[in-house]
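Heads up, the thing below is written out as structure tokens.
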Amino acid sequence: MPSYHECLINLRQKLLSNEILVEGNGILIFVQDYVFNPPSTAGGLVLVPSTNGWKKCKDNRRN
């Protein structure tokens with residue numbers, strides 16, 4: 001996707017290389033916990049194109 005930032009491409013590759021993300025059935029699955037800072041990085045990685053992680057990303061501490 002043209003709007004996908006290079007830093008997100010690099011992060012996705014790093015997570016795949018470290019087997020934090022794995023591909024299964026055509027989707028990427030987190031098999032380990034990973035802390036994103038800021039949440040918008042998580043949103044951009046998971047919900048391509050970039051998104052507001054403060055609104056879209058939740059964890060067990062924030063609902």
Side-chain angles (χ1 to χ4, degrees):
M1 175 171 284
S3 66
Y4 204 55
H5 295 279
E6 187 173 340
C7 63
L8 292 176
I9 293 169
N10 294 338
L11 177 58
R12 180 179 280 194
Q13 258 329 105
K14 175 185 165 190
L15 295 175
L16 286 165
S17 295
N18 292 328
E19 297 180 349
I20 295 169
L21 269 179
V22 296
E23 187 172 350
N25 297 323
I27 61 171
L28 296 175
I29 301 166
F30 280 91
V31 294
Q32 296 179 36
D33 289 341
Y34 187 82
V35 177
F36 289 90
N37 191 16
S40 292
T41 302
L45 187 78
V46 175
L47 302 171
V48 180
S50 61
T51 188
N52 184 336
W54 291 106
K55 291 182 180 179
K56 298 288 184 181
C57 296
K58 307 290 181 189
D59 64 17
N60 63 352
R61 295 170 291 161
R62 238 176 44 97
N63 293 316

Open item on the list: Quick check on Asp33: does its CG atom have over 12 non-hydrogen neighbours (other residues, nucleotides or ligands) under 6.0 Å away?
Closed with: no

TODO: State the CG-OH distance between Leu11 and Tyr34, to the nearest 0.5 angstrom.
DONE: 5.0 Å

Task: Shortest non-hydrogen separation from Leu21 to Arg12 and the atoms involved - done: CD1-CG, 4.3 Å

TODO: Please answer: with hydrophobic residues joined when any side-chain heavy atoms are less than 4.5 Å apart, are Leu28 and Val31 in the same cluster?
DONE: no

Open item on the list: If hydrophobic clusters are built from ILVMFWY residues whose side chains come within less than 4.5 Å, do Leu8 and Val22 share one?
Closed with: no

- [ ] Look at atom CD of Glu19 and say whether more than 12 heavy atoms of other residues, nucleotides or ligands are closer to it than 6.0 Å.
- [x] no

Task: Sole candidate of Gln13, Glu6, Lys14 that passes side-chain contact (heavy atoms from CB on, under 4.5 Å) when paired with Asn10 - done: Glu6

